[in-house]
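Only one structure is covered here, and it is reproduced in the block below.
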Amino acid sequence: MKYIIVILILSPLIGFTNLSSVQIQKVDSIRQLLAHNQNDTTTINLWRAWDNLIYRTNTELDIRLNEQIDSL
């Protein structure tokens, strides 16, 4: 749970300038779902979906999300 909080705190600091408006909306939806989620499997699936959206535009966040997925 603390990993979700860390990512949610850091994510607004990370630029999404290369993402389309649809992708930004999807990322926002994923972040909202993560904030209310309690299931580890769902958390991993949401992190993977988020990672798939940003892997080309933000390599640092991509690496952090993959580390979180591996650690959980």
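- Interatomic distance, Q68 CD to R64 CZ, rounded to the nearest 0.5 Å: 9.0 Å.
- Residues Y55 and L61 are members of separate hydrophobic clusters, defined by side-chain heavy-atom contacts under 4.5 angstrom among Ile, Leu, Val, Met, Phe, Trp and Tyr.
- Considering all non-hydrogen atoms of both residues, I30 and L53 come closest at CD1-CD1, 3.9 Å.
- How far CG of D40 is from CG of L72: 4.5 Å, rounded to the nearest 0.5 Å.
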Quiz item: Could you go step by step and tell me if W50 and R31 meet the side-chain contact (heavy atoms from CB on, under 4.5 Å) rule?
Solution: CA-CA 8 Å; W50 187 356; R31 288 175 53 210; 3.8 Å; yes
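- Listed by chain and number, the residues in a side-chain contact (heavy atoms from CB on, under 4.5 Å) with T59 amount to none (sequence neighbours excluded).
- In this structure S29 satisfies the side-chain contact (heavy atoms from CB on, under 4.5 Å) test with no other residue, sequence neighbours excluded.
- For the pair Q23/V27, no side-chain contact is recorded, criterion being any heavy-atom separation below 4.5 Å from C-beta on.
- One distance of note links CG of L46 with CD of Q32; it measures 11.5 Å at 0.5 Å rounding.
- Separation of atoms CG (N45) and CG (L33) is listed at 11.5 Å; rounding is to 0.5 Å.
- I63 and L34 end up in different hydrophobic clusters when Ile, Leu, Val, Met, Phe, Trp and Tyr side chains are linked at under 4.5 Å.
- Proximity of L65 to I54: side-chain heavy atoms (C-beta onward) are separated by under 4.5 Å at one or more points.
- The two atoms that bring N39 and N37 nearest to each other are O-ND2, 2.8 Å, heavy atoms only.
- Partners of N66 under the side chain to side chain donor-acceptor pair (under 3.5 Å) rule, at least two apart in sequence or in another chain, are D62.
- At least one donor-acceptor pair closer than 3.5 Å links the side chain of N52 to the backbone N or O of R48.
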